[in-house]
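Reading through the structure tokens given below for one structure.
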Amino acid sequence: MTLSVFILVSVIKIVVALGILLTAVAYTVWLERKVVGHIQNRWGPTRVGPFGLLQPLADGVKFIFKEDLLPPHVYKPLYIAAPMIALIFALTSISVIPIGNWVTVLGIHTPLEITDVNIGLLIVLGITSLGVYGVALAGWSSNSKYSLLGGLRAGAQMVSYEISLGLSLVGVLIMAGSFNLREIVDAQSGTFWGFIPRWNIFQGQIVAFFIYLMAAYAETNRIPFDLPEAETELVAGYHTEYSAMKFAMFFMAEYANMITVACLATLLFLGGWNGPHRFGPPLLQAVLPVFWFAVKIFAFLFLYIWVRGTLPRFRYDQLMAFGWKFLLPLAIANLVITALIVALRA
Amino acid sequence: MILNMGPQHPSTHGVLRLILEIDGETVVRLMPDIGYLHTGIEKTCEAKFYQQVVPLTDRIDYLCPMTNNLCYALAVEKLLGLEIPPKAQWLRVMMNELTRINSHLVWLGTHAMDIGALTVFLYCFREREDVLRLFEAISGQRMMTSYFRIGGVALEPPLGFFDRVRDFANRFPSKVDEYENLLTGNPIWTMRTKGVARITAEDAIALGASGPTLRGSGVDFDLRRDMPYSGYENFKFKVPVSQDGDVFARYICRVQELRESIGIVQQALDGMPEGPIKADAPKVVLPDREKMKTQMEALIYHFKIITEGFAVPAGEVYQAVESPRGEMGYYVVSDGTAKPYRVHMRAACLANLQLLPKMCEGRLLADVVAAIGSIDIVLGEIDR
């Protein structure tokens, strides 16, 4: 593959991946409104398009055309930069996430991701944890007390849960022996006794999966851990002072992060694109892995929304206690036990 | 740091303003600041005929309009020495308990939403809608019902109304189970409410608390049972009391009250007496439309009541009823004319709000929200 072809292919993949991600973000919002609506005895969006399907489009247009207010009391450079930081890091992390096997299109053999790197997982973790800067800086630069409290909560919460999140993944890494997301998925192919898939969640990593689930909810500021933007306490938390597209950027960043953690959960615990895909014509066989991947992400996102429709919110000190006194020891215990088992097997 | 919470804030239930002195997330000092919803209703009452005050009382505590109607009507009836026919009394009790359910549903929904459980809010409003439809059927209005009048109630219930109430009363307990499924056993809910914003029985009494806020602290006092009015002595119901004095205790008290209230509604339906719905006092009670068209006296009385009101014997009276929030009292002074000399409302919320600093100081910011929800304030009643 020559350099020019490589660049062309990469650009195409970036455009396609970004397009898919942004569409997914828009429709996750739609899905959330719809599902929560039905949980709560409402209809959700119905007016714009069939089943309200054009609602995200209408929302986007509204956000773009709203006046871009700049409150007089803010520290302007950081106030403007903060939502961009949040959104950029949220969108970047998708670049190393594979959504399927290698494919050959027009004689070009390429992986179904923007770039295949050996330390994919580390990159994702690194970039997502940079996203907290956007939130913390937004809280600080808004020069508002509610924003400040929200930003502080967000900073403390994300840093605390990052540790449990990271540790819950180490068990999987030990079992796969690689940081490469593709290899981690490949290690989960096949089945036990012909019907139980060899996904990590069925290979004794179920505890790790639940730790990851909790930590991921906290990382993405979702109920029951949505303290940084706890509406009834802090008005809107760190984005109290934001409006129009700047607010939309935070909003998109939150949903992009949700999709990222859903992708990671699928890749690391739920077998990635593995599924019954050895049937049908070759074209179907090529598409099915992507389909399974999408189904698993959908299921994960649905769980997110379901939880939101069900649970109340933690209190700040309870959240911290839960993270440090329960999740972290559990994650360490899980890690030690996994390591021992892997060592004994070897 | 001084944090100004309200008057525009999602969880101060209207326009309560709290001045919070916080150290990190811990509340050091809390000062409620009221008066943002002052409407001057008490003063307005002095310029109205006695019967014209009834619609004003709806607007004081807008979540329990009929309880306000009842309290005012009872006070004026006491001054007039009117005897209310049993059917009107039973209707009043039934509508009063439906009002309590309506009010508690709004409380439960908003309280749960403050603590982050969004779904309960919409579930509660689903049932509240049913209650409001019943209100609309009987009075023509959903919220500002003005259904009780001095000397009885405004209208005969429409055909099939009691069947609709019975249908609702049969359905409702399972809905309460639904709310409890989402909250009572939920570990996050109990973590957020148990041991939070605790108030002792002594403090609660000393600061004048009443209603579920008082009963949550273990004081067994309910005006409906202890100083019965409007025929409450004919009904059997339990007064739920909780000992802990925390947010959870007040929550559980109110949820039990929902069940007790629907029991009272059932009893009222089963034992609804026949007879007139207005007292036999032509100088006070407006005549029926039909009589006005056929009888000269009725037309004259109607004209006189509407144009110059009715004189109430001089004197003063205090009447208290158990509103969903606690002891609601109307103090009415008459100077013998057709307009009250003074109408003062004793707002349960105002006294209950005094507990808030004691509940919250030294606790976390998130507990303030839970505490406000647990005392169930309505700013319209506080500011009047």
Side-chain angles (χ1 to χ4, degrees), chain A residues 32-33 35-44 139-140 143-157 214 217-218 221-237 240 305-322 325-326, chain B residues 1-6 8-13 18 20-22 24-27 109-127 129 175 178 181-184 186-196 247 251 363-373:
Chain A
E32 164 148 18
R33 292 176 64 177
V35 171
V36 169
H38 280 274
I39 288 174
Q40 296 176 342
N41 239 337
R42 301 184 282 120
W43 283 106
W140 182 79
N143 196 10
S144 145
K145 287 166 184 173
Y146 287 113
S147 301
L148 181 67
L149 283 172
L152 277 176
R153 280 185 178 186
Q157 173 177 335
M214 299 297 143
Y217 282 19
N221 301 332
R222 296 281 301 182
I223 274 184
F225 304 105
D226 66 335
L227 296 155
E229 47 192 289
E231 187 190 313
T232 47
E233 293 158 30
L234 300 181
V235 189
T240 304
I305 297 165
W306 191 2
V307 166
R308 179 177 165 211
T310 313
L311 291 182
R313 181 185 301 125
F314 276 100
R315 204 171 59 200
Y316 185 64
D317 59 327
Q318 293 164 345
L319 170 100
M320 284 296 166
F322 185 72
K325 292 183 187 163
F326 178 72
Chain B
M1 183 164 79
I2 303 281
L3 186 69
N4 209 350
M5 196 168 169
Q8 280 87 30
H9 186 279
S11 61
T12 50
H13 291 233
L18 298 175
L20 298 170
E21 197 179 320
I22 54 176
E25 292 252 341
T26 314
V27 177
T110 51
H111 185 38
M113 192 162 70
D114 287 348
I115 298 186
L118 298 170
T119 305
V120 182
F121 175 74
L122 284 128
Y123 282 10
C124 288
F125 269 59
R126 178 183 62 194
E127 271 69 66
E129 190 61 30
K175 304 291 182 186
E178 217 170 81
N181 271 343
L182 278 168
L183 297 177
T184 307
N186 187 327
I188 301 179
W189 178 261
T190 46
M191 272 165 78
R192 284 298 305 276
T193 54
K194 275 198 175 151
V196 171
V247 174
Y251 156 78
R363 301 201 63 93
L364 291 172
L365 191 58
D367 291 339
V368 176
V369 172
I372 296 175

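The figures that follow rest on heavy atoms only: side chains count, while hydrogens, waters and symmetry mates do not. Predicted model, so just to flag it, every value in this text is computed and none were measured. In the text below, chain A, chain B and the rest are named by the order of the sequence lines, each starting its count at 1.
- With chain A as partner, the option from Leu182(B), Ile2(B), Val120(B) having the largest number of non-hydrogen pairs under 4.5 angstrom is Ile2(B).
- With a 4.5 Å cut-off on non-hydrogen atoms, Val196(B) touches chain A through its side chain but not through its backbone.
- Counting all heavy atoms, side chain and backbone alike, Arg315(A) lies closest to Ala366(B) at CG-CB, 3.5 Å.
- Heavy-atom distances place both the backbone and the side chain of Met191(B) under 4.5 Å from chain A.
- Tyr146(A) and His9(B) have tilted rings, their planes meeting at an angle from 30° to 60° on a 0 to 90° scale.
- For the pair Ala117(B) and Leu183(B), the tightest heavy-atom approach, listed with the atom from each and the gap, is CB-CD2, 4.1 Å.
- Most heavy-atom pairs under 4.5 Å with chain A: of the set Val368(B), Leu364(B), Asn4(B), this distinction falls to Leu364(B).
- Both the backbone and the side chain of Leu118(B) come within contact range of chain A, each with at least one heavy atom under 4.5 Å from a heavy atom of that chain.
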Mind running side chain to side chain contact (heavy atoms under 4.5 Å, CB included) on Leu365(B) and Thr26(B) for me, showing each step along the way?
CA-CA 6 Å; Leu365(B) 191 58; Thr26(B) 314; over 6 Å; no
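- For Glu127(B), there are no salt bridge (charged side-chain N to carboxylate O under 4.0 Å, His left out) partners two or more places apart in sequence or in a different chain.
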